[in-house]
Amino acid sequence: MRVVMFGYQTWGHRTLQALLDSEHDVVTVVTHPRSEHAYEKIWSDSVADLAEKHGIPVIIRNRPDDELLDRLKEVAPDIIVANNWRTWIPPEIYNLPVHGTLNIHDSLLPAYAGFSPLIWALINGEPEVGVTAHLMDEELDAGDIVVQRSVPVGPTDTSTDLFHRTVDLIAPVTTEALGLIASGQTEFTPQDRSRASFFHKRAEEDIRIDWNWPAEDLERLIRAQSAPYPSAFTFHKGQRLEVLSAVVSEGRYGGTPGRIFYREGNGVVIVAGADARTGRNHGLAITRVRTGDGRELPATEYFTSMGGYLTGRP
């Protein structure tokens, strides 16, 4: 099939490489310009560079426009394949090819449509994550599922671990889905919209630690925001403090959320949970931090004495 590929960052790069390795003919690539957004500089393999290396015409756009539509009509693709395209694709484009548009999304749709699905899924304690190839329709990430594959989430996994595990699914999911479509199959699995969820892009406010969260949720937040993602942060004595690693405490600690309370093992326990006053909660044992001036050190060295509070604001 003649394929036009829409994509960006490493997800798009892996998708394009899978197409180049397949029996299909990539006739044009559409990608975004480079971005300075914190999350878009992570996993930033260039789709444009890969396409140009293979002599494939590249169109740079932030969003589709009439000129792009005209150029796509000229190349007459049999199908469009999209992965990590960051803006809305209108129906006159996604319905242009005879086989429509196949979108590759890094979640187990219908859950976690939208943005940063791996991070949100890890924070929420999902037992598995994955990649879905689905046909595009008028609702974002809502079309019929062609192929879906999953991987388990382990108890110490970070978002980086899950990224590497799921990005390796892109090639087999893409090629299998294209094979089914090329074979003439047209009936696929409708999404159960009662199970759908849609998430926004991650931003500064999303990595601010709220000590009213249970320690179990905070521990997953720390893992979800591990390097190279921006670290979750709190404030100590008015100064920003990034939490690089933490575990759920063995003991249960009562009091006020955010209280710097007790040394346990290799960490310093912070009281956590909106109902911490009951004394039934585990705390978050912080093990490593980064200060505002960039110093990284064990929490037991940073917190030289117990007492005081970590807060969400200076």
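Remember, predicted model here, so these are calculated numbers, not experimental data.
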Worksheet item: Ignoring hydrogens and geometry, is there a side-chain-to-backbone donor-acceptor pair from Asp161 to Thr158 under 3.5 Å?
Response: yes

Discussion item. Could you tell me if Thr234 and Trp211 have a donor-acceptor pair between their side chains, going purely by distance under 3.5 Å?
Written reply: yes

Item to complete: Verify side chain to side chain donor-acceptor pair (under 3.5 Å) between Asn83 and Asn103, making sure each step is shown before the conclusion.
Response: CA-CA 6 Å; Asn83 192 347; Asn103 187 51; over 6 Å; no

Worksheet item: Ring centroid separation for Tyr8 and Trp85, is it under 6.0 angstrom?
Response: no

Practice prompt. Assert yes or no for the condition that the ring centre distance of Trp11 to His105 is strictly below 6.0 Å.
Written response: no

Worksheet item: Should the heavy atoms of other residues, nucleotides or ligands under 6.0 Å from CD of Glu128 be counted, would the total exceed 12?
Response: yes

Discussion item. Given 3.5 Å as the limit, does a donor-acceptor pair link the side chain of Thr287 with the main chain of Ser245, or not?
Written reply: yes

Discussion item. Has Thr174 got a side-chain atom pairing as donor or acceptor with Ala171's backbone, closer than 3.5 angstrom?
Written reply: no

Worksheet item: Can you pull the ring pair (Phe, Tyr, Trp, His ring centres under 6.0 Å) pairs that have at least one residue in residues 116-144, sequence neighbours excluded?
Response: Trp120-Phe199, Trp120-His200

Practice prompt. Determine yes or no for a side-chain-to-main-chain donor-acceptor pair under 3.5 angstrom, with Gln191 supplying the side chain and Gly143 the backbone.
Written response: yes

Worksheet item: Have Trp88 and Tyr94 got a donor and an acceptor in their side chains that come within less than 3.5 Å?
Response: no

Worksheet item: How would you list, by chain and number, every residue that makes a salt bridge (Lys or Arg N to Asp or Glu O under 4.0 Å) with Asp192, sequence neighbours excluded?
Response: none

Worksheet item: Do the side-chain N and O atoms of Ser231 and Gln225 include a donor-acceptor pair separated by under 3.5 angstrom?
Response: no

Fill in: Charged N-O contact under 4.0 Å between Arg34 and Asp49
yes

Fill in: His54 side chain to Leu20 backbone, donor-acceptor under 3.5 Å
no

Worksheet entry | Main-chain N/O of Ala272 paired to Asn281 side chain as donor or acceptor, under 3.5 Å | yes

Worksheet item: From Asp78 CG over to Ile181 CD1, what is the distance, rounded to the nearest 0.5 angstrom?
Response: 11.0 Å

Worksheet item: Under the 3.5 angstrom rule, does the side chain of Asp65 hit a backbone N or O of Leu68 as a donor-acceptor pair?
Response: yes

Practice prompt. Please say whether more than 12 non-hydrogen atoms of neighbouring residues, nucleotides or ligands are located less than 6.0 Å from CZ in Phe188.
Written response: yes

Worksheet item: Is there a donor-acceptor pair closer than 3.5 Å between any side-chain N or O of His32 and the backbone N or O of Arg86?
Response: yes

Fill in: Residues Glu74 and Arg2 bridged, charged N to O under 4.0 Å
no

Item to complete: Taking atom types as modelled, find out whether Ser249 and Glu264 have a side-chain donor-acceptor pair closer than 3.5 angstrom.
Response: no

